[in-house]
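Report on the following structure.
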Amino acid sequence: MQLETISSISTPVGEGAIAIVRLSGIDAVEIADTLYKGAGPLSSVDSHTINYGHIVDPETGESVEEVMAAVMRAPKTYTREDIVEINCHGGIHTVNRVLQLTLKHGARMAEPGEFTKRAFLNGRIDLSQAEGVMDFIRSKTTEASKVANQQMQGRLKTYVESLRQSILNILAQVEVNIDYPEYDDVEEATTSFLLEEAEKVETEIEKLLKSSSQGKILREGLSTVIVGKPNVGKSSLLNYFIQDNKAIVTDVAGTTRDILEEYVNVNGIPLKLVDTAGIRDTDDIVEKIGVERSRQALIQAELILYVVNNNEPLTDEDIEILDSVSDQKVIVIVNKLDLETKFDTEDLGRRYPDMPVVGTSIINSTGVDDLEDRIAELFFEGSIQSTDSTYVSNNRHIGLLEDAKRAISDAIESAEMDVPVDIIQIDLVKTWELLGEVIGEDVSEQLIDQLFSQFCLGK
Ligand SMILES: Nc1nc2c(ncn2[C@@H]2O[C@H](COP(=O)(O)OP(=O)(O)OP(=O)(O)O)[C@@H](O)[C@H]2O)c(=O)[nH]1
Ligand SMILES: [Mg+2]
């Protein structure tokens, strides 16, 4: 189905060699033709061709821009509607003018994500694929983009569909039971079949959910905070990771006053790395606020890199902070190994037997590889298998899968207690529906609107 024509700039705002104005909808070609002057009208060119010409303001006759116009007719297009992509060569100002002209001559400004929403509404992609598109645009490492790409290709969809098929098989058996209640052995056979199959589905959902924490890290980055007392080398560590002198490093304790955030790639894991002000009691008003922010960042962190100085003993202040985070994931970094050792690593090990400890000398670039391996071990048991697992990374999917797991567990529990099958059926249907929502079946219009509005404009 072709809807009213929408238009937007589909390339990022800013300077670039080209920028594209994209039109999609029933009048896409016609609207483009009112503005386009080339060898002939776009309405007469073959589909999926790119055509040289000019965009001319029909009211003034002024030539606005030299363009290449790509014409793609439905249904083999991104939205399954007619699409015209006008490749402009000028700066943002001219591109904006071309966009304005399309709006003036019949197109409507596209909402964020509306092109992808149409692809979904016209059945080209399912919801998990559409969400994959969004993740793909935002992904921060190669691994993250691989996961998103798989989702875009429909990997999660295939997986979820096979689970739904299993549930349908169970439901079919339950129907037989309901239709022929007079045979006792049917009831028994149904219950044992139901239990066996439902447990398989439950295991699979659990597996998906287990992947979710890793998927989420790949998608959003692992929020990692570097903390410790002043002057231990926290900012030096951040700079080392980003290979840049972004954070100020001096030998003055209390150099960092504010939070500094950077994305880095550690063995394929995206880290959202936060450098913080060294924690200590201070009367300096600015530093005090900084220290307060460090403490806040600690609470929210998924990973804490606690840095100490090898040249100083462990202090009560260190112990107080480490105690407060002992139920979080912490790696202790004993830095400045190049200096004389005054830090008692064994004492630390006795106090916190489960905390991994890594020695570094950031100034000499040693030990950081070891630290990177530890991070990978802690969250991915060493390596990321983005190519052969189905990762669930999206909060909406995770929520639905958790509900689906509860529903199927209820069904199993009821079956074990010999509850009549027509009652168990309700939970099975619920599981089936919840899984359907992951791939966008039976989802309400409101949810769809909300989802696609998270896309960037022009996608
Ligand atoms: N000897 C030695 N010095 C280091 C090492 N790493 C960092 N430093 C030095 O230690 C000093 C403090 O480093 P920073 O990175 O600013 O320390 P910080 O923990 O961010 O300090 P605050 O921001 O004040 O909390 C600087 O002079 C660094 O050059 C190391 O491995 N060995
Ligand atoms: Mg610092």
Side-chain angles (χ1 to χ4, degrees), residues 222-264 266 271-325 328-345 348 352 355-375:
L222 181 70
S223 99
T224 307
V225 183
I226 310 174
V227 275
K229 286 187 305 178
N231 222 21
V232 292
K234 299 181 295 299
S235 302
S236 305
L237 180 63
L238 178 101
N239 285 348
Y240 183 86
F241 270 124
I242 62 175
Q243 296 286 308
D244 197 356
N245 286 326
K246 222 163 188 174
I248 302 172
V249 168
T250 72
D251 55 6
V252 179
T255 299
T256 306
R257 299 300 189 87
D258 208 348
I259 296 226
L260 182 67
E261 206 175 277
E262 284 290 330
Y263 277 96
V264 297
V266 168
L271 298 196
K272 196 174 88 187
L273 200 58
V274 179
D275 180 27
T276 62
I279 296 182
R280 65 168 169 185
D281 281 333
T282 167
D283 291 330
D284 183 306
I285 253 182
V286 181
E287 195 181 349
K288 227 184 167 99
I289 299 171
V291 171
E292 187 45 42
R293 288 190 180 176
S294 305
R295 289 190 184 274
Q296 280 301 323
L298 261 184
I299 299 169
Q300 292 154 10
E302 288 168 294
L303 170 64
I304 294 164
L305 301 179
Y306 194 83
V307 189
V308 294
N309 182 351
N310 173 55
N311 191 231
E312 290 167 4
L314 189 71
T315 63
D316 290 345
E317 226 170 358
D318 287 315
I319 293 169
E320 183 229 323
I321 300 167
L322 284 169
D323 280 347
S324 75
V325 296
Q328 284 168 273
K329 288 204 163 140
V330 184
I331 297 177
V332 179
I333 300 164
V334 182
N335 186 37
K336 308 201 187 185
L337 274 191
D338 51 291
L339 301 181
E340 189 198 337
T341 299
K342 293 183 187 162
F343 185 86
D344 188 349
T345 311
L348 181 83
Y352 308 102
M355 269 182 208
V357 182
V358 186
T360 60
S361 169
I362 297 165
I363 227 165
N364 294 330
S365 308
T366 56
V368 185
D369 288 351
D370 206 16
L371 171 63
E372 294 186 348
D373 291 344
R374 284 301 169 90
I375 296 173

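When a ligand or atom number is given, it counts from 1 through the structure's own listing order. Positions are given from 1, in the same order as the sequence printed here.
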Quick one: does ligand 1 sit under 4.0 Å from the side chain of Asn231, the backbone, both or neither, non-hydrogen atoms only?
both
For the pair Glu287 (side chain) and Arg280 (backbone), establish whether a donor and an acceptor sit closer than 3.5 Å, ignoring hydrogens and angles.
no
Are there over 12 heavy-atom neighbours, none belonging to Ile285, within less than 6.0 Å of that residue's CD1?
no
Ligand 1 and Ile363, any nitrogen or oxygen pair closer than 3.5 angstrom?
yes
Around atom CG of Leu339, are there more than 12 heavy atoms from other residues, nucleotides or ligands closer than 6.0 Å?
yes
Residue-ligand contact Val252/ligand 1, heavy atom below 4.0 Å
yes
Taking only heavy atoms of Lys234 into account, list the atoms of ligand 1 that are under 4.0 Å away from them.
15 (O), 17 (O), 18 (P), 19 (O), 20 (O), 21 (O), 22 (P), 25 (O)
Taking Ala247's backbone N and O only, do any of them form a donor-acceptor pair with Asn239's side chain (distance below 3.5 Å, no angle check)?
yes
Protein residue, atom and distance nearest to atom 7 (C) of ligand 1, heavy-atom basis:
Ser236 OG, 3.3 Å
What do you reckon, does Thr360 have a nitrogen or oxygen under 3.5 Å from a nitrogen or oxygen of ligand 1?
no
Answer yes or no: is there a side-chain heavy-atom contact under 4.5 Å between Tyr306 and Leu298?
no
Sole candidate of Thr276, Asn245, Asp275 that passes side chain to side chain donor-acceptor pair (under 3.5 Å) when paired with Ser235:
Asp275
Heavy atom to atom 29 (O) of ligand 1, shortest distance: which of Val249, Leu339, Val334 holds it?
Val249
Which residue and atom name correspond to the protein heavy atom nearest atom 26 (C) of ligand 1, and how close is it?
Thr250 O, 3.4 Å
Could you give the distance from CD1 (Ile279) to NZ (Lys229), rounded to the nearest 0.5 Å?
11.0 Å
Does a donor on one side chain and an acceptor on the other come within less than 3.5 Å for Thr315 and Asp318?
yes
Which bit of Asp275 gets closer than 4.0 Å to ligand 1, counting heavy atoms only: side chain, backbone, both or neither?
neither
Would you say Asn335 has any N or O atom under 3.5 Å from an N or O of ligand 1, going by distance alone?
yes
Numbered in order shown, the ligand 1 atoms found under 4.0 Å of a heavy atom of Gly278 are 25 (O)
Going through the distances and angles, do Val249 and Thr255 end up as a side chain to side chain contact (heavy atoms under 4.5 Å, CB included)?
CA-CA 7 Å; Val249 168; Thr255 299; over 6 Å; no
I'd like to know if the Mg ion (ligand 2) has an N/O/S atom from Thr276 within less than 2.8 Å of it, counting both backbone and side-chain atoms.
no
For Gly254, counting its heavy atoms only, list the atoms of ligand 1 lying under 4.0 Å from any of them.
24 (O)
Counting heavy atoms under 4.0 Å, the part of Ala247 that contacts ligand 1 is neither
Please report which non-hydrogen protein atom sits nearest to atom 31 (O) of ligand 1, along with the residue it belongs to and the distance in Å to one decimal place.
Ile362 N, 2.9 Å
Tell me which one of Ile248, Val307, Thr366, Asp338 gets a heavy atom nearest to atom 32 (N) of ligand 1.
Asp338
If I apply the N/O under 3.5 Å rule, does Val232 come out as touching ligand 1?
yes
Is there an N/O/S atom in Asn231 at a distance below 2.8 Å from the Mg ion (ligand 2)?
no
Determine yes or no for a side-chain-to-main-chain donor-acceptor pair under 3.5 angstrom, with Glu302 supplying the side chain and Ser223 the backbone.
yes
Taking only heavy atoms of Asp251, which atoms of ligand 1 are found under 4.0 Å from at least one of them?
27 (O)
Could you tell me whether the side chain of Asn335 and the main chain of Val307 form a donor-acceptor pair under 3.5 Å?
no
Checking a contact table here: which protein heavy atom is nearest atom 10 (O) of ligand 1, and how many Å away?
Lys336 NZ, 3.0 Å
Proximity winner for atom 23 (O) of ligand 1, if only heavy atoms of Val227, Thr276, Asn310, Thr256 are counted
Thr256
Looking only at protein heavy atoms, identify the closest one to atom 17 (O) of ligand 1 and say how far it is in Å.
Gly233 N, 3.1 Å
Please tell me if the side chains of Val266 and Leu273 come closer than 4.5 Å, counting only heavy atoms from C-beta onward.
no
For Lys246 and Glu262, run salt bridge (Lys or Arg N to Asp or Glu O under 4.0 Å): C-alpha distance rounded to whole Å, both residues' side-chain angles, the deciding distance at 0.1 Å, then the answer.
CA-CA 9 Å; Lys246 222 163 188 174; Glu262 284 290 330; 2.9 Å; yes
